[in-house]
Amino acid sequence: MLKKMIFILSLTLSIATFAAQKECPVKPSYDIVINKDSIHIYNKSNDLSIMNDGQVILNKKIISPNPSLRKKLDQFEKALRSQLPQLEQQSLSLLSEVKVAFDQAITKKLSDDRELHSELNKLYKRLVKLLHGSLISEDGSTKFYYQNFNKLKKDGHDIGERIFYNVIGGSILEFNLFKNIAAIKDISKNEWKAQKPKLKAFDAHICSVITDVDQQYQQILTELNQSADK
């Protein structure tokens, strides 16, 4: 059991936290729903719908944007329709790549240890489910939930810790606690070192995408409010 404890804790550090060195300064404060007919961005303060037919509705009021604002809206809509689904797929691909890397390391070092493969698969599935609670594309729509997204790293770490403590709970029943400890430490250390640059770069990419989306949205919201007041 101890070998699983060390492995899961190390794996949690690498996958669940996305190797973050610092938090992204931008924290979205709105949900986004994208479907074929519209883009809906909303929270308790503002409710914006951008329709494919060109209609713009802000807080139940139809807005007629000027040509400059219309261009910004079109660019914003195109960006959301491409960036958010891509971000989901990139996140899933990265999680899969890291899982495969650890799977291969387990097989190479420990002759295909079933317990560790099982724990790895469990963590991977829970992290995918966690991601989809923040960003998911299904049935022709993409949904982004800001509250879940803003605590994604913390919740990912918590999932790893819960698995970790579940393993501890059964550790007293395991007699050969130190079996393969050196190999487990080696996997954890080497794979963390190998995956860290990729994870760190992706963490920066996520921040860049979210920052770009937020900057465009805040500017558009300001201009729409100005138009509504005229």
Side-chain angles (χ1 to χ4, degrees), residues 16-18 20-92 94 126-159 202-230:
T17 65
F18 282 97
Q21 301 302 306
K22 60 181 179 180
E23 288 292 324
C24 183
V26 173
K27 299 291 183 184
S29 59
Y30 39 81
D31 291 337
I32 303 174
V33 177
I34 303 170
N35 57 46
K36 63 179 182 178
D37 299 317
S38 66
I39 291 179
H40 188 200
I41 307 173
Y42 58 97
N43 57 19
K44 292 182 180 180
S45 301
N46 291 288
D47 190 314
L48 171 63
S49 291
I50 305 171
M51 315 301 292
N52 278 4
D53 62 7
Q55 190 176 57
V56 180
I57 304 172
L58 177 62
N59 299 327
K60 299 182 179 181
K61 182 176 181 179
I62 297 176
I63 308 294
S64 298
N66 58 42
S68 175
L69 181 52
R70 168 58 64 188
K71 183 177 180 180
K72 292 176 184 177
L73 284 163
D74 289 344
Q75 292 173 340
F76 183 51
E77 181 179 4
K78 289 179 181 178
L80 285 177
R81 289 187 180 279
S82 64
Q83 288 179 326
L84 291 188
Q86 284 178 7
L87 190 60
E88 179 202 6
Q89 289 305 310
Q90 290 164 348
S91 299
L92 290 172
L94 180 63
R126 291 186 181 181
L127 290 174
V128 168
K129 184 177 180 179
L130 184 64
L131 170 66
H132 281 157
S134 305
L135 178 61
I136 186 169
S137 296
E138 59 181 355
D139 300 326
S141 68
T142 298
K143 299 175 182 178
F144 173 84
Y145 301 104
Y146 80 93
Q147 290 179 321
N148 290 343
F149 178 83
N150 287 340
K151 59 189 183 74
L152 183 61
K153 292 176 185 176
K154 179 183 181 301
D155 287 348
H157 189 272
D158 289 346
I159 285 174
F202 188 70
D203 192 60
H205 172 64
I206 293 175
C207 184
S208 176
V209 171
I210 295 303
T211 298
D212 180 56
V213 168
D214 189 70
Q215 287 177 343
Q216 290 187 69
Y217 172 68
Q218 297 299 339
Q219 183 177 6
I220 285 170
L221 189 62
T222 297
E223 294 189 32
L224 285 172
N225 280 311
Q226 291 172 348
S227 297
D229 293 338
K230 293 181 179 179

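Side chains included, hydrogens not; waters and symmetry mates left out as well; all remaining heavy atoms used. What you are looking at is a predicted structure, and each value in this text was computed from that prediction instead of being measured. Sequential numbering from 1 along the given sequence is applied to the chain's residues.
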Can you tell if the side chain of [X] reaches within under 4.5 Å of the side chain of [Y], non-hydrogen atoms only?
| X | Y | value |
| --- | --- | --- |
| Tyr217 | Leu48 | yes |
| Val26 | Gln215 | no |
| Gln55 | Ile62 | yes |
| Leu130 | Asn148 | no |
| Ile206 | Cys24 | no |
| His40 | Asp31 | no |
| Arg70 | Val56 | yes |
| Leu80 | Ile41 | yes |

task: Quick one: do Tyr30 and Ser45 satisfy side-chain contact (heavy atoms from CB on, under 4.5 Å)? Show the steps, please.
output: CA-CA 9 Å; Tyr30 39 81; Ser45 301; over 6 Å; no
Measure the [atom1]-[atom2] distance between [X] and [Y] for me, rounded to the nearest 0.5 Å.
| X | Y | atom1 | atom2 | answer |
| --- | --- | --- | --- | --- |
| Ile63 | Ser49 | CD1 | OG | 11.5 Å |
| Leu58 | Asn46 | CG | CG | 6.0 Å |
| Asn52 | Arg81 | CG | CZ | 5.0 Å |
| Gln86 | Ser91 | CD | OG | 11.5 Å |
| Asp47 | Lys61 | CG | NZ | 15.0 Å |
| Gln83 | Ile34 | CD | CD1 | 9.5 Å |

query: Side chain of Asn43, backbone of Ser29: donor and acceptor closer than 3.5 Å?
result: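 Judged by distance alone, yes, a pair lies under 3.5 Å.
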message: Donor-acceptor pair, distance only, cut-off 3.5 Å: does the side chain of Ser208 make one with the backbone of Ala204?
response: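 Not a single qualifying donor-acceptor pair exists.
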- prompt: So Asp212 and Gln216, side-chain contact (heavy atoms from CB on, under 4.5 Å) or not? Walk me through it.
  reply: CA-CA 6 Å; Asp212 180 56; Gln216 290 187 69; 3.1 Å; yes
- prompt: What residue pairs, at least two apart or across chains, pass side-chain hydrogen bond (donor to acceptor under 3.5 Å, both in side chains) with a residue in residues 132-147?
  reply: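 Sorted pair list: Glu88-His132, Glu88-Ser137, Ser137-Thr142.
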Working for side-chain contact (heavy atoms from CB on, under 4.5 Å), residues Ile210 and Phe149: CA-CA 10 Å; Ile210 295 303; Phe149 178 83; 3.6 Å; yes
field: Lys27, NZ: over 12 other non-hydrogen atoms inside 6.0 angstrom
entry: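 Enclosed.
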task: Could you list all the ring pair (Phe, Tyr, Trp, His ring centres under 6.0 Å) pairs where at least one residue sits in residues 57-79, not counting sequence neighbours?
output: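 Those involving residues 57-79 do not exist here.
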Criterion side chain to side chain contact (heavy atoms under 4.5 Å, CB included) against Leu135, the qualifying member of Leu152, Leu92, Leu84: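 Among Leu152, Leu92, Leu84, the one that satisfies the side chain to side chain contact (heavy atoms under 4.5 Å, CB included) with Leu135 is Leu84.
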